[in-house]
S.K.: 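Here it is, the structure in full.
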Amino acid sequence: MHDDYSLQRLPDHATRSWFSVAVQRLGQISSFSQFLIGAALGFGMTFWDAVLAMVLGVAMLEVITILLGIAGAREGLSMSMLSRWGGFGRKGSALVGLLLTVSLTGWFGVQSGAFAQGLHSLAGGPPTWVWALVGGVVVTLIATGGFVSMAWTAYVTVPAFVLLAGYCVVDYLGEHSLSELTTSPAPGPAMTLAQGATIVAGGFIMGAIMTPDLTRFNRTPGDVVKQTVLAVTLGECGAGLIGILLAHAAKSSDIVGIVTSSSGVVGTLILVAAILKVNDVNLYCASLGLVNSVDALTRRPISRVTAAIGLGVVGSVLSAMGILEHYTTFLTWLGVITPPVAGVFVAEYYFVRRYRAALDESRAKGELPAETPEWELRGLISWAGGAAVGLTVEIGIPSLNSILVSFALYMLLVRRPRPRPVGGPAPTPAQSEVVVESRVDGRTEGGCPA
């Protein structure tokens, strides 16, 4: 009942209004994590440098978000499923799914740690790690209910979070001169523009990559564009800007302490509610990635609810172990390793289009393509090349470098003509790479000979 078509195309009758999906996206982006990112920037940079880093980090990925979102709405598939025909192949998509699962489970731990700190400062009682486990259980229950239960959570928590942001501005920032906050030096160790933009991209890239997991519930590409612009403008930039100002006002990056001290009991409760909202999306999308990975590697589907429960336990334990203390390093690495996935997918789905005909034909029938490549080594090579450049080249913004390099590498490798065999025409990709196999569960789907 709560599987949410994790290994199938979403049928037309299961789609939702654009507003229903937009509230979820707004809750995903306008969240406590953006406060954390804004505070990290504000603590290490001047106000205007931090704003520039925020704008660069968001602008370079907003187009990617829309492109991935439109693909999800058109095909009715999650990101990890889409990657099977988006430059990675069946088993390559398992690596994409595992990357999403590990990354989002880590984010789940980060957010649960903030949840625990907030409740402990408000109510005291048990140690922080106990509160982290309690929060993990609550979020896991919401995520197992699927899109519907998460939507109802968003309807409550998103307006509450907006009220908290407004309260922080009036109550805490009202005691400081705006000109003072925008001209004061960085209160903490210096951070470069490239480092700042990478941190922003690291926090936003997972939202971009997992966009199809939610936009598959959209009805039209226009719905995707509307909700993306709304969520990024009000969520990413708005919450991040407040985080920058709070860090300069308090001379600290301890955003949990700032919010709870300035907002009191009501603010802490709203903060907790906002964390619950973004964390249920993290866990939901992590479970979709794990379901695809297990199916791609073993051809034996597992329940999405089972995956969500298992990952919820892992994420809660990570939170209790204190992963929140290392979130900046986590974001920096994430902002370099993950973006090449988007570069490969956009190149294949929108430009090379080797499997678009099969996707279009199967979509008309409400099915998956009958032919699926087992491995797409060119996609994996492009992904690895983009990540390597992002990790080693210090010129420019590493996240943007990794996207552009993976995109260019894939276009170069796939467009390279194959040698024509003597005495006959060159084989097509479908003839040379794809065969049809039977799955353990009885369905038919493509694969490659070993």
Side-chain angles (χ1 to χ4, degrees), residues 29-65 103 106-107 110-111 114 165 173 178 180-209 231-256 258 324-340 342 386-387 389-405:
I29 296 175
S30 60
S31 66
F32 185 72
S33 62
Q34 306 315 315
F35 269 0
L36 288 172
I37 292 170
L41 295 180
F43 191 63
M45 309 177 76
T46 65
F47 174 80
W48 292 111
D49 283 347
V51 170
L52 180 58
M54 177 74 67
V55 171
L56 287 174
V58 170
M60 70 181 184
L61 291 175
E62 187 168 6
V63 173
I64 296 293
T65 301
S103 301
W107 259 119
V110 170
Q111 299 286 352
L173 298 180
L178 184 60
E180 170 196 345
L181 296 178
T182 57
T183 57
S184 61
M191 179 184 296
T192 67
L193 182 63
Q195 288 172 332
T198 299
I199 287 179
V200 175
F204 186 62
I205 186 61
M206 290 313 303
I209 298 296
V232 171
T233 302
L234 296 182
E236 180 84 13
C237 296
L241 180 62
I242 292 173
I244 294 170
L245 291 172
L246 287 173
H248 274 263
K251 309 297 182 185
S252 171
S253 61
D254 181 15
I255 198 71
V256 175
I258 296 172
L324 180 64
E325 300 174 0
H326 309 289
Y327 76 91
T328 300
T329 301
F330 175 75
L331 286 176
T332 302
W333 278 84
L334 191 61
V336 177
I337 295 174
T338 307
V389 169
L391 289 170
T392 58
V393 176
E394 298 181 359
I395 300 175
I397 300 174
S399 297
L400 180 58
N401 294 343
S402 65
I403 292 176
L404 295 176
V405 169

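This chain uses plain numbering: 1 for the first residue, then up along the sequence.
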S.K.: What's the separation between atom CE in M54 and atom CG in L52, rounded to the nearest 0.5 Å?
M.R.: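 CG of L52 is found 11.0 Å from CE of M54.
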S.K.: Can you tell me how far CD1 of I37 sits from CD1 of I244, rounded to the nearest 0.5 angstrom?
M.R.: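 CD1 of I37 is found 10.5 Å from CD1 of I244.
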S.K.: Side-chain contact test, heavy atoms from C-beta onward, threshold under 4.5 Å: evaluate it for V200 versus L41 and give yes or no.
M.R.: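 In contact.
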S.K.: Decide yes or no for M45 and L193: does some side-chain heavy atom of the first lie under 4.5 Å from some side-chain heavy atom of the second?
M.R.: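 Counting from C-beta outward, M45 and L193 do come under 4.5 Å.
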S.K.: Do T183 and F47 have side-chain heavy atoms sitting under 4.5 Å apart?
M.R.: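 No, side chains not in contact.
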S.K.: Heavy atoms only: give me the nearest G42-P187 pair and the separation to one decimal.
M.R.: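 Heavy-atom minimum between the residues: O-CD, 3.3 Å.
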S.K.: Closest heavy-atom contact between A342 and I64?
M.R.: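 Residues A342 and I64, closest heavy atoms: CB-CG2, 3.5 Å.
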S.K.: Which heavy-atom pair separates A53 from G196 by the least distance, and what is that distance?
M.R.: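 In terms of heavy atoms, the two residues are closest at CB-C, 3.8 Å.
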S.K.: For P340 and G386, work out which heavy atoms get closest and say how close.
M.R.: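 Residues P340 and G386, closest heavy atoms: CG-C, 3.8 Å.
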S.K.: Working to the nearest 0.5 Å, report the span between OG of S103 and CD1 of I209.
M.R.: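 Rounded to the nearest 0.5 Å, the OG-CD1 separation comes to 10.0 Å.
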S.K.: So, does D49 use its side chain to make a donor-acceptor pair with the main chain of M191 at under 3.5 Å?
M.R.: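 Checked: no pair found.
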S.K.: What pair of heavy atoms forms the shortest contact from A387 to S402, and how long is it?
M.R.: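 Looks like N-CB, 4.4 Å.
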S.K.: For the residue pair P185 and H248, what are the closest heavy atoms and their distance?
M.R.: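 So the minimum-distance heavy-atom pair works out to O-CE1, 3.7 Å.
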